[in-house]
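In what follows, a single structure is set out as structure tokens and then discussed.
Just so it is clear, the values below take in all heavy atoms, side chains as well, and ignore hydrogens, waters and symmetry mates. Just so you know, ligand 1 is whichever comes first in the structure, and atom 1 is the first atom listed for that ligand.
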Amino acid sequence: AEIISKTRADMSVNEYCSRPYTVFVEGNVGSGKTTFLEQFANCPNVFLAKEPVHKWQDVQGHNFLGLMYEDPKRWSFAFQSIVQRTMLELHQARPEHPGQNIKIMERSIYSARNIFVENLYKENLMAAPEYSVLDAWYKWLIGNVEIESDLIIYLRTDPKVAYQRIKTRNRFEEKDVSFEYIEHLHELHDKWLNVHNTNVPKNIPVVIVDANQSMDLVRQQFKGIRDLITKNAS
Ligand code: TTP
Ligand code: MG
């Protein structure tokens, strides 16, 4: 079986000197991003910047993830503002130890904007004036703050598989997530990380991983990816 179904990665040695080789893990809700990151938990040279879902569940006692799912028209703007800010925090986070020359992030400010904000707006769940406020912030941030990035790993799943994993995982806030919602997010991921690489900022190389199989098989593919990351970072 092919380890990497498609790669547009420019495998040349990167120019990193003082900053870590930085990887974003992208893919639908339930595609296995957190599981992917956990494969690196014991690597001393890898700094993991996990997505702060728990922060969104408790902003001074308010569960914004829950509010967004309960009443997206009312809360999605506030929620996506928080997401955008916490993503920026992750982009700026620096390795904890000097030996960590690789940084792996769950998602990025790019997918928050290009997938979720876009979807909410398209589905009429976010009003145009709210969308334009978020977009103005987004454009300013990516134009004025260095978003360090070397590689995107796209865990591509059939939306049915992602949906099933969400049901199995049973995250409380996601109990009423519809299959259509997951399908829409899937289409937006595919459009964003398309084979022609036209929408990816700064032409960051994208590796597409078939993340449909059982977690054991996907884990085996992760080994191949891990070698690739390690090779590129050194
Ligand atoms: P994901 O970022 O997809 O993370 P996950 O843990 O569900 O994915 P995986 O199983 O692959 O580890 O989404 C987390 C939750 O936050 C999910 O319910 C979708 C929601 N979300 C938004 O609504 N807007 C956003 O901008 C982001 C980043 C997430
Ligand atoms: Mg996760």
Side-chain angles (χ1 to χ4, degrees), residues 23-41 48-59 63-91 104-123 125-126 130-131 134-135 137-138 141 152-189 192-193 209-213 215 218-219 221-222 225:
V23 180
F24 304 153
V25 181
E26 302 282 3
N28 211 338
V29 179
S31 60
K33 297 181 293 298
T34 301
T35 310
F36 180 93
L37 259 74
E38 281 163 1
Q39 302 306 301
F40 297 87
L48 293 178
K50 290 203 190 128
E51 187 175 47
V53 175
H54 64 274
K55 281 195 188 165
W56 311 337
Q57 291 169 318
D58 182 7
V59 182
N63 181 349
F64 272 88
L65 184 65
L67 289 169
M68 192 273 304
Y69 277 118
E70 270 168 40
D71 190 351
K73 281 201 172 178
R74 173 68 185 83
W75 294 110
S76 64
F77 171 74
F79 175 66
Q80 292 300 151
S81 309
I82 287 163
V83 170
Q84 188 153 271
R85 198 193 63 78
T86 54
M87 282 301 169
L88 189 65
E89 222 171 274
L90 285 195
H91 285 296
I104 307 183
M105 269 184 71
E106 184 169 1
R107 290 210 177 277
S108 60
I109 194 169
Y110 300 123
S111 55
R113 167 66 185 81
N114 293 309
I115 309 288
F116 290 96
V117 173
E118 201 57 27
N119 184 58
L120 287 159
Y121 175 60
K122 274 172 67 180
E123 295 298 311
L125 295 169
M126 186 183 288
E130 293 173 321
Y131 176 80
L134 281 176
D135 192 51
W137 269 111
Y138 171 78
L141 288 169
I152 292 177
I153 293 177
Y154 173 22
L155 302 183
R156 189 169 187 272
T157 49
D158 188 307
K160 288 198 196 84
V161 172
Y163 186 68
Q164 197 46 55
R165 288 189 190 145
I166 294 166
K167 291 285 146 193
T168 309
R169 163 173 80 194
N170 201 17
R171 193 183 268 155
F172 169 75
E173 293 84 353
E174 295 166 353
K175 59 188 185 313
D176 296 324
V177 164
S178 72
F179 179 62
E180 289 71 53
Y181 176 70
I182 297 306
E183 259 186 322
H184 290 156
L185 296 181
H186 172 74
E187 283 155 21
L188 285 165
H189 275 89
W192 178 45
L193 303 171
V209 176
D210 175 3
N212 277 316
Q213 301 112 313
M215 265 307 155
V218 174
R219 274 201 191 96
Q221 294 192 74
F222 289 173
I225 302 290

Less than 4.0 Å is my threshold; does some heavy atom of [X] fall inside it relative to ligand 1?
{"X": "E106", "result": "yes"}
{"X": "R171", "result": "yes"}
{"X": "F36", "result": "no"}
{"X": "N28", "result": "yes"}

Side chain or backbone, does [X] bring an N or O within less than 3.5 Å of an N or O on ligand 1?
{"X": "G32", "value": "yes"}
{"X": "W56", "value": "no"}
{"X": "G30", "value": "yes"}

Angle between ring planes, Y131 versus Y121, binned at 30° and 60°: parallel, tilted or perpendicular?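 The rings of Y131 and Y121 lie parallel, inter-plane angle below 30°.
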Does the plane of the ring in F79 sit parallel, tilted or perpendicular to the ring in W56? Use 30° and 60° as the thresholds. perpendicular
Under 4.0 Å between a Lys/Arg side-chain N and an Asp/Glu carboxylate O for [X] and [Y]?
{"X": "K167", "Y": "E174", "answer": "no"}
{"X": "R85", "Y": "E89", "answer": "yes"}
{"X": "K33", "Y": "E26", "answer": "no"}

Mind checking whether [X] contacts ligand 1 via backbone (N, CA, C, O), side chain (CB onward), both or neither, at a 4.0 Å heavy-atom cut-off?
{"X": "T34", "value": "both"}
{"X": "K33", "value": "both"}
{"X": "R165", "value": "neither"}

Checking K73 against D71 for the side chain to side chain contact (heavy atoms under 4.5 Å, CB included) test, could you report, in this order, the C-alpha distance in whole Å, the side-chain angles of both residues, the deciding distance, and whether it holds? CA-CA 6 Å; K73 281 201 172 178; D71 190 351; 4.1 Å; yes
Which angle, to the nearest 10 degrees, do you find at the Mg ion (ligand 2) between OE2 in E106 and OG1 in T34? 80°
Check the surroundings of atom NZ in K175: do more than 12 heavy atoms from other residues, nucleotides or ligands lie under 6.0 Å from it?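 Yes, because the 6.0 Å sphere around NZ of K175 holds more than 12 heavy atoms from other groups.
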